[in-house]
Amino acid sequence: MNVKEYRRQVEAELSAKAASNARVSDFSAKVVVGADAPDIRAAVSGENWDEAIKQLADPKLDEQARLVALQFLQAGTFLGARFAPYRAKYLAALRTAATSADDAELRHSALDILANLKDDFARQKLMDGLQGAGTALVSPAVALGLLARDDHGSISTLARDLLKSSTDVHTREQAARVLGSDPSARDLLSELMTDKTEFSAVRRASAVALRNLDPGTFETNARSILADHGDFGEIKATVKGATDRLTRP
Amino acid sequence: MGRDLKQSSGDPLSAALALLASSEAHCGCDGSLLALLREDAPLYGGRGAVEAERLRAFVMARLAARGLADTLMPFALQELETSIDPYGIAAAARVIRRASAVPQETASLLGKALDRVRQIDEIVDLENYPATPDPAGRTAVAETIEALAACPNGGSELRSLSRDARAGGYLSSDVMALVDKALGRIGGGGACCAGPAALPISATHATARTLAGVRDVLLENQDGVRMTVGDLFGARPALVAFFYTRCMNPDKCSRTISQLGRVFDELGRRRRANDVLVAAISYDPAYDDPGRLRRYGDDRKFPFAGFCQLLRTVEAFDPIRTALQLEVGYGQNTVNRHRLELMLVDRQGKIDEIAAGRPWDETTVADMLLAV
Amino acid sequence: MIVEIALSTTEPSGRTFLTWAPVAGTARITNAKGAVGKVDVILRNGGAANGGRVVFDKARSDSGLSELQLQLPADGTKVTFWVAGEFQKPSLSYGDAVVEAVAAGATVGRRELMVRVRKNAVKLTAAERDRFLMAIGKLNDAGLGPFKAFRDMHVALSADEAHGYPAFPPWHRAYLLDLERELQEVDDTVALPYWRFDEPATALFAPAFLGMPPQNPMAGDVIQFPNGHPLEFWKTDGADPIERRPRYNIVNAPPQSVPTPTGPLPWVISQNDTMKLGTSYADFRDLEGAPHGNAHTSFRGPISSVPTAAKDPLFFLLHANVDRLWAFWQWLNRRHDVNSTDTYSLAGPKRPPNDLGHKLGDTMWPWNGSRKAPRPTFPPPRGSFPPPRTGTLPGPHPKVADMVDYQGVHGTESLGFDYDDVPFELNAGAIVA
């Protein structure tokens with residue numbers, strides 16, 4: 001398309017929307033969590049962040065409103081230094097939300113952000129829940145998945161215990177993921193990867209974890225799996241993808 | 001002090017807490033208290049990295065409160081230079097505040113620590129373990145600023161902080177009020193100077209450290225070539241550091257390997273590269289296979305050569321750790337915390353420790369190596 | 001007769017890539033077969049029917065046509081012309097665009113090439129999608145590839161350089177271009193796709209592309225790739241592969257606003273609303289909050305936090321869209337002249353210490369190799385900026401200014417990328433020849 005014609009089209013579209021779309025200025029006119037703000041620019045402001053922090057930490061408030069406050073604040077963290085003065089109070093509010101919310105989504109969301117930051121409070125709460133020492137704030141699979149984000153987190157023993165005791169596919173899958181950062185788990189992961197009676201998802205997670213720890217054993221297992229006419233197509237596709245595409249370390 | 005920790009009285013944490021609480025160790029002349037800050041102290045064993053950081057910060061703050069701040073100064077300066085944990089920096093700040101004298105460099109180090117911690121600030125609780133921070137409590141940034149205010153020559157840092165933070169908007173109004181208050185107290189000047197300018201980079205003979213008992217330990221380099229410790233050390237003076245490729249603090253291992261490479265380059269410029277050995281050995285041999293060592297070095301422009309290598313032990317690392325008394329602790333999967341370790345080994349196997357856990361510069365270390 | 005066609009963006013390998021920005025070319029007769037004087041030769045498109053198309057002109061312009069008549073001296077003297085990808089007619093694969101020389105009805109010269117631009121992820125063909133996935137999977141190489149540096153560049157300690165202050169758009173433009181050049185080392189037909197976050201993108205979150213987590217949130221947020229997917233062994237740090245769960249129904253786009261007791265709150269605002277942030281840079285860079293920040297937090301998982309966001313490959317498609325919005329805004333408002341404060345300025349509510357890394361003449365971390373505080377003091381995770389295979393831009397240590405006029409509207413050389421819906425258009429002060 002001719003660029004001048006394209007410009008005419010785009011400009012016409014923009015001005016048409018401006019004319020018909022008072023909604024834009026409407027939502028900009030009354031924004032933020034508890035405060036009047038004239039536009040998008042004003043939405044991202046210290047007063048609004050302060051107000052949102054209060055709402056996030058307020059157990060009396062509607063869970064959906066608290067979740068909106070959480071996302072609003074988390075978006076603020078992408079403004080780096082501009083959000084820095086509010087960060088400490090925000091983290092405190094996240095910890096409150098993680099433990100005070102009835103709503104699973106809010107709890108999970110707060111723990112998710114704290115887990116990204118390797119927050120020790122969240123780690124403790126998730127561990128307590130998994131070990132029965134406290135309330136389980138999320139399901140075992142979710143708790144393990146969040147803890148697994150820190151490969152210096154020392155949860156291998158717990159993951160091994162869960163692999164012994166849990167028959168839930170997702171919990172087992174997450175436990176195998178966790179062991180991908182534990183070099184002493186090579187043999188266990190190798191067993192899981194090659195065990196035809198194991199869940200497909202667990203075999204896959206074990207294959208991914210083992211390849212990280214011990215590419216040589218992974219490749220030996222991969223060759224056996226590919227040569228075994230009795231093994232399943234899913235795991236064959238997984239190991240073939242890796243052997244075809246990844247550099248041999 | 002610590003609340004119910006769900007620990008039996010015989011475990012290392014309970015023993016450590018009991019020691020901290022006991023009155024007979026109060027004077028600090030007993031090395032057992034300072035030993036609690038060693039990374040390889042039993043109370044940190046098996047814990048995750050963040051958990052170990054928090055526990056160590058708690059111990060440091062308790063020891064400072066017990067009147068040991070002056071003795072703790074080297075530990076505090078290490079934290080200010082390299083820590084990326086709000087608790088570690090806050091605990092170091094507590095030590096500075098309670099010390100009777102601080103080196104002149106402290107204010108500048110606090111300023112640098114503040115630049116790191118303001119991005120990751122949080123409310124800290126140094127009174128309890130596990131921490132239960134009060135939402136109305138003090139943040140690591142506030143602790144650092146309090147330390148700057150207590151620092152005899154902190155005025156200049158505070159003034160530039162006040163200017164930059166106002167323009168950049170990166171400190172809360174509460175903290176800005178602290179800055180203003182501190183500046184008001186200091187006024188135009190700021191007394192100077194209670195301690196030495198800076199702790200110099202020096203080599204200290206480490207009498208208790210020796211390679212004698214580990215000469216048969218098998219090492220493997222980045223190419224999979226194997227040799228014993230005895231083969232590697234002894235023929236020429238050596239500079240050796242320790243690291244691991246999964247290290248989360250780029251100001252520790254990443255920087256160490258990059259700097260070691262620069263030392264070797266510097267020796268090459270002086271046409272002395274063939275006279276010495278430059279090596280780094282991994283704390284985490286089960287994970288750091290030769291491929292990982294090679295990539296880690298390549299990514300940091302490490303000039304691999306016959307006398308410039310990255311290595312791991314083929315079997316367990318523990319004999320080396322014990323023989324060299326390395327301050328490194330382990331969680332369940334990998335290292336949970338380690339000190340910066342840099343050593344000179346002469347032809348007779350005598351070991352000098354360089355820089356005592358603090359960052360160092362390449363030229364000075366190259367000079368020291370050639371002087372061996 | 002044989003006519004040799006040479007284009008300035010032909011790489012040492014002999015392969016040629018174009019974007020919307022015109023590049024110089026020459027044509028010359030190498031075998032006149034008895035012809036003397038000047039020979040009429042027409043340059044035209046000779047590629048596949050649905051392939052990429054090019055436009056020609058005798059000067060550097062934004063109004064080239066699909067054919068150009070040249071008179072080539074029979075003695076072999078070169079004649080210069082300009083060629084560009086025809087806007088909205090990009091290639092699907094290498095060689096589907098062809099510059100063809102025709103004399104007296106016969107084809108006397110051909111040069112195969114690719115009109116390679118960044119496209120909307122949901123509009124990629126399956127082959128284009130798979131090439132991208134294979135390339136980024138290879139770049140990651142189960143945690144062992146060069147991708148690691150890109151993950152290490154976007155961390156809390158480098159936040160001042162990249163976030164909150166004026167250089168947010170240019171720093172991320174450089175970051176994406178660096179990644180794209182690495183992708184092209186793996187497969188030179190790949191351009192970084194973008195996630196247009198103000199439109200539905202079900203194809204992007206389909207299993208064959210970036211996937212979805214299990215339906216039941218209790219099962220965790222790990223993406224359930226089909227076995228054999230190119231990202232199945234994705235690894236950065238911690239336990240991988242990728243975790244992500246949309247907070248919105250992916251049949252739709254993320255909400256443009258969300259209700260609160262006191263009124264709606266701007267969220268992932270539309271492209272049109274983003275354009276209305278203002279016509280000066282100081283106003284426009286508010287896109288860093290909405291839609292950018294809200295796009296990140298439209299998901300649970302690492303992508304919703306600065307220090308972990310780059311663990312998720314979606315991050316790069318999200319940011320390609322943020323960069324596209326900047327490019328679109330630049331085109332719409334004719335903001336390519338770095339000397340204009342409407343194009344770039346330090347104006348805004350907050351300023352980093354000494355504006356370091358944000359002034360137009362400042363080099364950017366990590367490509368500048370700086371280890372001096374207040375920048376990170378550890379070894380930079382990337383070396384100098386990768387050179388282009390042709391041309392010179394942006395140089396090994398790019399400055400903020402080098403990222404602004406990415407098409408070379410006021411220069412003569414582009415950075416080698418374009419977006420499918422952002423044309424090249426000359427504006428006041430532009431160089432036309």
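Atoms considered below: every heavy atom in the structure, side chains included; atoms not considered: hydrogens, waters and symmetry mates. Chain letters run A, B, ... following the sequence lines, proteins first and then strands; every chain starts at 1. All values derive from a computational prediction rather than experimental measurement.
Within the 4.5 angstrom heavy-atom criterion, only side-chain atoms of C:P307, from C-beta onward, approach chain A. Contacts of A:L147 with chain C are absent, with no heavy-atom separation under 4.5 Å from either backbone or side chain. Contact of A:L67 with chain C is made through the side chain alone, with heavy-atom distances under 4.5 Å. Looking at C:H229, the atoms closer than 4.5 Å to chain A (heavy atoms on both sides) all sit in the backbone: N, CA, C or O. Contacts of C:R247 with chain A are made by side-chain atoms alone, with heavy-atom separations under 4.5 Å and no backbone atom involved. Both the backbone and the side chain of A:R177 come within contact range of chain C, judged by heavy atoms closer than 4.5 Å. In this structure, the portion of C:M275 lying under 4.5 Å from any heavy atom of chain A is its side chain and not its backbone. With a 4.5 angstrom heavy-atom cutoff, A:R204 touches chain C only via side-chain atoms. With a threshold of 4.5 angstrom between heavy atoms, A:N212 approaches chain C through side-chain atoms but not through N, CA, C or O. Proximity to chain A is limited to the side chain of C:V258, based on heavy atoms less than 4.5 angstrom apart. Looking at C:L287, neither its backbone nor its side chain comes within 4.5 Å of chain A, counting heavy atoms on both sides. The contact between C:Y165 and chain A is made entirely by side chain atoms (from C-beta outward), counting heavy-atom distances below 4.5 Å. Contact of A:L144 with chain C is not made at all, since no heavy-atom distance falls under 4.5 Å. Contact annotation for C:N140: neither backbone nor side-chain heavy atoms come within less than 4.5 Å of a heavy atom of chain A. Heavy-atom distances place no part of A:H152 under 4.5 Å from chain C, backbone and side chain included. C:P230 touches chain A through backbone and side chain together, each having a heavy atom under 4.5 Å away. For chain C, no part of A:S181 is nearby; none of its heavy atoms comes within less than 4.5 Å.
Contact between C:D62 and A:V3 at its shortest, heavy atoms only, is O-CG1, 3.4 Å. The minimum heavy-atom distance between A:V10 and C:L332, with the atom names listed, is CG1-CD1, 3.9 Å. Heavy atoms only, all atoms of each residue included: C:P259 and A:V68 are closest at O-CG2, 4.5 Å. The shortest non-hydrogen separation linking A:R7 to C:W331 is NH2-O, 2.6 Å. Closest approach of A:D112 and C:G301 over heavy atoms only: OD2-N, 2.9 Å. For A:V208 against C:P241, the heavy-atom pair with the smallest separation is CG1-CD, 4.5 Å.
Heavy-atom pairs under 4.5 Å with chain C were tallied for A:A75, A:A84, A:A104; the largest tally goes to A:A75. Interface summary for chain C: among A:V142, A:D151, A:T247, the most heavy-atom pairs under 4.5 angstrom belong to A:T247. Heavy-atom pairs under 4.5 Å with chain C were tallied for A:Q71, A:Q74, A:Q64, A:H170; the largest tally goes to A:Q71. Counting heavy-atom pairs closer than 4.5 Å to chain C, the top residue among A:A201, A:A148, A:G233, A:G241 is A:A148.
Side chains of C:Q88 and A:Y6 form a contact here, defined as non-hydrogen atoms less than 4.5 Å apart. By the 4.5 Å heavy-atom criterion applied to side chains, C:E288 and A:F78 are not counted as neighbours. A:I235 is not listed as a side-chain neighbour of C:N227, based on a closest heavy-atom distance of 4.5 Å or more.
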Please assess C:S305 against A:T77 for the test side-chain contact (heavy atoms from CB on, under 4.5 Å), listing each intermediate value before the final yes or no. CA-CA 7 Å; C:S305 299; A:T77 65; 6.0 Å; no
Before giving the answer on side-chain contact (heavy atoms from CB on, under 4.5 Å), spell out for C:Q271 and A:E13 the whole-Å C-alpha distance, their side-chain angles and the decisive distance to 0.1 Å. CA-CA 11 Å; C:Q271 174 165 309; A:E13 191 183 341; over 6 Å; no
C:E243 vs A:R149, side-chain contact (heavy atoms from CB on, under 4.5 Å): CA-CA, chis, key distance, verdict: CA-CA 10 Å; C:E243 288 176 279; A:R149 290 184 193 168; 3.0 Å; yes
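Note that CZ of C:F233 and OG1 of A:T238 are 6.0 Å apart. Values are rounded to the nearest 0.5 Å. Taken to the nearest 0.5 Å, the CG atom of A:L246 stands 13.0 Å off from the NZ atom of C:K235. Note that CG of C:D221 and CG of A:L146 are 7.5 Å apart. Values are rounded to the nearest 0.5 Å. Going from atom CZ of C:R300 over to atom CD of A:E105 covers 5.0 Å, rounded to the nearest 0.5 Å.
Atom CD of A:E5 is surrounded by more than 12 heavy atoms from other residues, nucleotides or ligands within 6.0 Å. Annotation: C:K138, atom NZ; neighbour count of heavy atoms from other residues, nucleotides and ligands within 6.0 Å is above 12. More than 12 heavy atoms of other shown residues, nucleotides or ligands fall within 6.0 angstrom of atom NZ in A:K236.
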